[in-house]
Participant: 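Before I ask anything, here is the structure I am working with.
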Amino acid sequence: MPEFLQGTPVTTLAAPLFVLLIIAEIILIKVRGKGGDYESRDAATSVFMGLGSTIVDGLVGFISVALLFAAYQIAPIKLPINWLTGFACFMLVDLAYYWIHRYYHRSRWGWAAHVIHHSSQHYNLTTALRQTWTGLLSGGVLLFVPIALLGFHPALLAFCYGLNLIYQFWFHTEVIDKMPRWFEAIMNTPSHHRVHHANNPRYLDANYAGVFIIWDKMFGTFVAERKDDAPRYGLVNDLGTFNPLRVSTHEYVGILKDATQKGLSLKQRIWYIFAEPGWCHDGGRKSSRQIKASYVARHPEHKGEPGL
Amino acid sequence: MHDYIVVLVPSLIAIVIMVILIKATRLEHLVRLDNEAIVQSAIDEHFEGQKIDHIILSKDTQYALAIMQDGTVILVRAFGDRMTVRVLNEKNITSLNGQDEALEIKLNDYTWPRAHLVFENTAARSKVQDMIEKLTQNPAEAVSHA
């Protein structure tokens, strides 16, 4: 196995670059007077969440690694590690990422882990670092198992996933408006990902891609950013705390409260855990589909537009 | 352990540098709820199409109450350079404590610390407290008395 697959994770190696780019973004916003904003406690919370995520991954990441190695051990063929298999692995990891990410948004159990990343009302480079501490609990890693079963070495898989995450850092910004058209057509960009982070009804549950936006176009979840509906960032129900522990665990607390209410059937309790975020047995909350439907009812002229 | 220190120490230093830079560049513009227009903007964003009857501002400029025409009462909180909102109702108010000009509202919400509103005088606080207490029984009546 090549030496570069055995050392420090690439995301850790990229950390100094992340810091430099954040500093550059702050200075650029100040100089240009546009292209996003920063709030110190929000930014500190985001970076602290990223730090916590790195520490948790270091402590429990071996479980994911062991799972992938177990799958690799029973793979009927073991693929060599070279440029071709590296490229194929990168593409498969990105495809798996798309579905993991979609699951994170469409099931409350996945959302409980991923909501952290969407909990800031800002969209800047620190938002990229606002990562979950409970990713392992979500079970998302299971979608990488088929790649190991195909014979891709887990170390290569982990390396490709690291590159995938590094790519995702730079587009968490409002400093860049649009990339060249060919690039926007194929790759995930700041514009596409702003849509993903927005809570405007038309933008909810759109643009799940990691590196290549083609997956959203293939699977019908692509929505383009519009000038006449500027993205508003954050959650449908924004948090009122910067406390990292509360930010990290709030959806699990919500699940516990909801699923243990008195008078629910077993099916309703299970639904509170695994159904789409916003699902509610008594109509007290709205899912993203219901939010979109309400919006269309108020604005019938927008019916049928992408995302609505 | 050594690996963690290698990650932890530079990260904490980076956080401090970043916060100093944000403060030094004066990029953040903290919200102060000192006029009705800003509260109106928060309501318009989160409750599109719903009409406000009147707004009550807390003297500390950190909180406001928007009393809607349909009887709903919405608590608005300044949150850094943004705002957050919650509808007040019998399900999410855990406790309501008034003392002198101050009113403390504790919500059944893990992500919201207790809200501390400050009013002009005890009578104003008492009036709002009565209104919120009545909310849990009859929203329409509560508004007419506010």
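Residue numbers start from 1 in every chain, and the chains themselves are labelled A, B, ... in the order their sequence lines are given, proteins ahead of strands.
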Participant: Should the pair Asp238(A)-Arg77(B) be classified as a salt bridge under the 4.0 Å nitrogen-to-oxygen rule?
Facilitator: no
Participant: Over all heavy atoms of both residues, which pair between Leu30(B) and Glu39(A) is shortest? Give the atoms and the distance, please.
Facilitator: CD2-OE2, 3.5 Å
Participant: How many angstroms lie between atom OH of Tyr110(B) and atom CG of Leu256(A), to the nearest 0.5 angstrom?
Facilitator: 11.0 Å
Participant: Which heavy atom of Ser40(A) sits nearest a heavy atom of Glu28(B), and at what distance?
Facilitator: N-OE1, 2.8 Å
Participant: Looking at chain A, which one of Met83(B), His29(B), Arg26(B) has the largest number of heavy-atom pairs inside 4.5 Å, strictly under?
Facilitator: Met83(B)
Participant: Indicate yes or no: at least one non-hydrogen side-chain atom of Ile29(A) is less than 4.5 angstrom from one of Leu27(B).
Facilitator: yes
Participant: Are there more than 12 heavy atoms of other residues, nucleotides or ligands under 6.0 Å from atom CH2 of Trp170(A)?
Facilitator: yes
Participant: Can we say Glu48(B) and Arg298(A) salt-bridge, meaning some charged N sits less than 4.0 Å from an Asp/Glu carboxylate O?
Facilitator: yes
Participant: Using a strict 4.0 Å threshold on nitrogen-to-oxygen distance, state whether Asp37(A) and Arg82(B) make a salt bridge.
Facilitator: yes
Participant: Testing the basics here: between Ala43(A) and Ile22(B), what is the closest heavy-atom pair and its distance to 0.1 Å?
Facilitator: CB-CD1, 3.8 Å
Participant: Contact part of Val47(A) toward chain B, heavy-atom cut-off under 4.5 Å: side chain, backbone, both or neither?
Facilitator: both
Participant: Is the count of non-hydrogen atoms from other residues, nucleotides or ligands lying under 6.0 Å from Tyr161(A) atom OH greater than 12?
Facilitator: no
Participant: Specify the closest pair of heavy atoms between Asn237(A) and Val85(B), including all atoms of both residues, with the distance to one decimal.
Facilitator: OD1-O, 4.2 Å
Participant: Where on Asn108(B) is there a heavy atom nearer than 4.5 Å to chain A: the side chain, the backbone, both, or neither?
Facilitator: both
Participant: Just checking, any donor-acceptor pair under 3.5 angstrom between side chains of Thr25(B) and Tyr38(A)?
Facilitator: no
Participant: Any chance CD of Glu301(A) has more than 12 other-residue heavy atoms, nucleotides or ligands included, within less than 6.0 Å?
Facilitator: yes
Participant: Drop me the distance from Asp81(B)'s CG to Arg41(A)'s CZ, to the nearest 0.5 angstrom.
Facilitator: 9.0 Å
Participant: So which part of Ile22(A) gets closer than 4.5 Å to some heavy atom of chain B, the side chain, the backbone, both or neither?
Facilitator: side chain
Participant: Give me the contact list for residues 116-128 of chain A versus chain B, heavy atoms only, anything under 4.5 Å, ordered by residue number.
Facilitator: Gln121(A), His122(A), Thr126(A)
Participant: In terms of heavy-atom pairs under 4.5 Å with chain B, which of Thr249(A), Val236(A), Asn199(A) leads?
Facilitator: Thr249(A)
Participant: What distance separates Ile27(A) CD1 from Leu21(B) CG, expressed to the nearest 0.5 Å?
Facilitator: 5.5 Å
Participant: Which atoms form the tightest heavy-atom contact between Gly240(A) and Pro113(B), and what is the distance?
Facilitator: O-CD, 3.2 Å
Participant: More than 12 foreign heavy atoms under 6.0 Å from CZ of Arg289(A): is that the case here?
Facilitator: no
Participant: Do the side chains of Phe48(A) and Ile15(B) get nearer than 4.5 Å, heavy atoms only?
Facilitator: yes
Participant: Is it the side chain or the backbone of Leu245(A) that comes within 4.5 Å of chain B heavy atoms, both, or neither?
Facilitator: backbone
Participant: Quick one: pull up OG1 in Thr111(B) and CZ in Arg246(A) and give me the separation to the nearest 0.5 Å.
Facilitator: 8.5 Å
Participant: To the nearest 0.5 angstrom, please state how far the CE atom of Met18(B) sits from the OG atom of Ser46(A).
Facilitator: 7.5 Å
Participant: Mind checking the CG-CG spacing from Leu12(B) to Leu51(A)? Nearest 0.5 Å is all I need.
Facilitator: 6.0 Å
